[in-house]
S.K.: 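Sharing a structure here in structure tokens format.
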Amino acid sequence: LPTFGGAAVVAVFDINNNSDILANYTLELYPVDDESSDSGAVRGFIDVFPEDIAAVIGPSESCTYVAFSAAAENIPIISYLCEEDAVSDKSIYTTFARTIPSEKTLAEAALTVMQTFDWKYTTIVTGTDDIMEALASVVLDTFTSNDINVYLEDSSTNTTFSYTA
């Protein structure tokens, strides 16, 4: 087995070696380094587009441009990390699916928990990577616009919090 692709490689291997699944077809992976950027994702899509592509799995994070291009060519795209809200618009991104919810959906779920328990105060602690900071920003906006008080937003990795009962 190749050393790239994680679960996708195992899935393709298992499907190709089971005659009960997709009989008379062979799946192939075209791995592309999307560089976790819009330009890298688009470059990767363009590089493999001339192939006979049945679907796109990915890109890892920046997915709007590739999702738009895939929709234009009627190619299904499944993203495993994309949290961008824009691609939820099925009138534009008609072939896009995701395995994780958008930042907005996660923020609304957290708001529902806060409202269900009638909690009015919270703290947001997150990592320093772009994805976590973007999510924290959406949660902060969602909370504050719904009268949830956020007393501390901390994205440092060296902070220690202690609680004494």
Side-chain angles (χ1 to χ4, degrees), residues 1-16 21-22 24-114 122 124-146 148 150 153-157:
L1 289 174
T3 58
F4 61 86
V9 173
V10 174
V12 167
F13 179 83
D14 288 348
I15 290 168
N16 286 340
I21 304 173
L22 297 177
N24 302 318
Y25 290 93
T26 301
L27 299 181
E28 292 182 49
L29 289 177
Y30 296 95
V32 174
D33 180 7
D34 66 9
E35 303 164 11
S36 295
S37 69
D38 289 331
S39 59
V42 170
R43 217 175 4 266
F45 183 76
I46 290 170
D47 286 348
V48 298
F49 183 70
E51 302 294 337
D52 187 17
I53 298 175
V56 173
I57 300 174
S60 62
E61 295 168 26
S62 300
C63 61
T64 305
Y65 298 113
V66 174
F68 184 78
S69 301
E73 296 297 327
N74 200 32
I75 298 171
I77 176 171
I78 302 168
S79 178
Y80 51 89
L81 279 178
C82 179
E83 295 178 334
E84 297 170 33
D85 286 324
V87 293
S88 295
D89 185 344
K90 293 299 179 194
S91 68
I92 298 171
Y93 305 96
T94 55
T95 61
F96 181 81
R98 66 172 96 224
T99 60
I100 61 170
S102 69
E103 293 165 346
K104 180 180 177 185
T105 301
L106 290 170
E108 290 170 349
L111 176 63
T112 299
V113 170
M114 296 294 291
T122 192
I124 298 173
V125 180
T126 184
T128 57
D129 60 74
D130 292 344
I131 292 174
M132 290 296 107
E133 287 183 351
L135 176 58
S137 176
V138 173
V139 171
L140 178 65
D141 290 345
T142 301
F143 282 6
T144 56
S145 66
N146 285 278
I148 304 291
V150 178
E153 178 188 0
D154 190 344
S155 61
S156 69
T157 57

S.K.: Measuring only between side-chain heavy atoms, which start at C-beta, is Val139 closer than 4.5 Å to Leu106?
M.R.: no
S.K.: Ignoring hydrogens and geometry beyond distance, is a side-chain donor-acceptor pair present between Ser102 and Asp85 at under 3.5 Å?
M.R.: yes
S.K.: Working to the nearest 0.5 Å, report the span between CD of Glu84 and CZ of Phe96.
M.R.: 8.0 Å
S.K.: Before you tell me yes or no, could you show the steps for Leu22 and Leu27 under side chain to side chain contact (heavy atoms under 4.5 Å, CB included), namely the whole-Å CA-CA distance, both residues' side-chain angles and the distance that decides it to 0.1 Å?
M.R.: CA-CA 9 Å; Leu22 297 177; Leu27 299 181; 4.0 Å; yes
S.K.: Quick one: pull up CD1 in Ile15 and OH in Tyr25 and give me the separation to the nearest 0.5 Å.
M.R.: 14.0 Å
S.K.: Specify the closest pair of heavy atoms between Ala136 and Ile124, including all atoms of both residues, with the distance to one decimal.
M.R.: CB-CG2, 3.9 Å
S.K.: What pair of heavy atoms forms the shortest contact from Ile75 to Ala55, and how long is it?
M.R.: CG2-CA, 3.9 Å
S.K.: Considering all heavy atoms of both residues, which atom of Val42 and which atom of Val66 are nearest to each other, and what is their separation?
M.R.: N-CG2, 3.8 Å
S.K.: A side-chain contact here means heavy atoms from C-beta on lying under 4.5 Å apart; do Thr95 and Asn74 qualify?
M.R.: yes
S.K.: Of the non-hydrogen atoms in Met114 and Ile148, which two are nearest, and what is the gap between them?
M.R.: CE-CG2, 3.6 Å
S.K.: For Glu108, is there any backbone N or O sitting under 3.5 Å from a side-chain donor or acceptor partner on Thr112?
M.R.: yes
S.K.: Does some side-chain heavy atom of Arg98 sit less than 4.5 Å from a side-chain heavy atom of Ser88?
M.R.: yes
S.K.: If the condition is side-chain hydrogen bond (donor to acceptor under 3.5 Å, both in side chains), which residues does Thr94 pass it with, not counting sequence neighbours?
M.R.: none
S.K.: If you round to the nearest 0.5 Å, how far is OG of Ser69 from OH of Tyr93?
M.R.: 9.5 Å
S.K.: Which atom pair, heavy atoms only, marks the closest approach of Ser145 to Thr142?
M.R.: OG-O, 3.1 Å
